[in-house]
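Every number for a ligand or one of its atoms is a count from 1 in the order of the listing. Numbering starts at 1 and runs along the sequence shown.
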Amino acid sequence: MRSLVAGNWKMNGAGEADLAKFGALKTALAETPPSCDVLVCPPATMIAQAAWFTKGVFAIGGQDCHAQPSGAFTGDISAEMLKAAGASHVIVGHSERRQYHGEKDADVAAKAQAAWRAGLIAIICIGETLEEREGGSANSICHSQVLGSIPDGATAANSVLAYEPVWAIGTGKTPSVDDIAAMHAHLRGCLKERCGEEGGKMLILYGGSVKPDNAAAILSLPDVGGALVGGASLKVADFMGIISAAPA
Ligand code: PEP
């Protein structure tokens with residue numbers, strides 16, 4: 001399975017200059033064909049336009065979805081709506097959703113099921129806080145998040161796991177490569193426990209302050225199947241630097 005480098009624009013991007021980034025990324029990918037799959041998750045307002053414009057070159061995804069297909073949920077967006085707009089993936093359980101919207105593992109699992117129902121690939125995020133890492137419970141926290149956030153029926157085709165230590169997101173700090181390798185090996189075991197044989201094949205992305213200068217070291221680690229990139233995905237040159245670092 002090819003690795004995946006996914007950009008999460010979060011709540012950034014609205015104007016012409018942001019739309020122009022899709023054209024610039026398309027051109028850059030045509031000049032330097034990637035050895036990984038590429039996905040950008042812009043704000044929901046940009047998905048339809050982006051998906052139409054980038055079709056066949058790179059994929060477009062949502063950053064969150066509601067568990068229900070439709071209904072009286074003001075301000076929410078369903079997986080079916082993302083699919084209709086042209087998305088192929090949706091991020092669920094990002095730590096910012098868990099932190100600012102109180103989402104628990106069961107909510108994340110319901111959203112992953114909604115993603116599958118709509119025909120989307122769910123990028124299911126987990127990760128420990130700094131307190132948990134320093135207290136020595138990172139492995140057990142991530143184990144319980146894997147068991148609680150991944151629904152029955154997860155396969156390597158319908159799901160991707162993203163390990164994002166909360167303390168590494170947007171901070172410029174990353175775990176050491178040894179720590180990333182150790183956690184990804186641990187997560188591989190958790191995935192096999194949760195999903196059986198499919199868990200052995202599922203991509204595990206690393207996320208948290210991935211930049212062009214640390215991407216090669218991280219992406220070449222065993223069981224690292226790609227990266228989920230926040231800040232650096234907003235600059236086409238930086239995002240391309242990460243994409244180019246993906247091993248063939
Ligand atoms: C993220 O928000 O998923 C993320 C990894 O952000 P950053 O790359 O900016 O740390």
Exercise. Can R194 and D152 be said to form a side-chain contact (heavy atoms from CB on, under 4.5 Å), step by step?
Worked result: CA-CA 8 Å; R194 182 69 189 96; D152 289 346; 2.8 Å; yes
Seminar exercise, completed: Residues with a heavy atom under 4.0 Å from ligand 1, by chain and number, are N8, K10, H94, E164, A168, I169, G170, G207, G208, S209, L228, V229, G230, G231
Exercise. Cationic tip of K26 within the cone over F53's six-membered ring, i.e. under 6.0 Å and within 45° of the normal?
Worked result: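 The answer is yes; both the distance and angle limits are met.
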Exercise. Same cluster or not: are L25 and V57 linked, directly or through other Ile, Leu, Val, Met, Phe, Trp or Tyr residues, by side-chain heavy atoms under 4.5 angstrom apart?
Worked result: yes
Problem set entry | Path from M183 to W167 over hydrophobic side-chain contacts below 4.5 Å | no
Problem set entry | For V160, the rest of its hydrophobic cluster, which grows through side-chain links under 4.5 angstrom | M1, L4, L39, I91, I121, I123, L203, L205, L228
Exercise. Hey, what's the ring geometry for W9 with F22, parallel, tilted or perpendicular (30° and 60° as the breaks)?
Worked result: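 W9 and F22: parallel rings.
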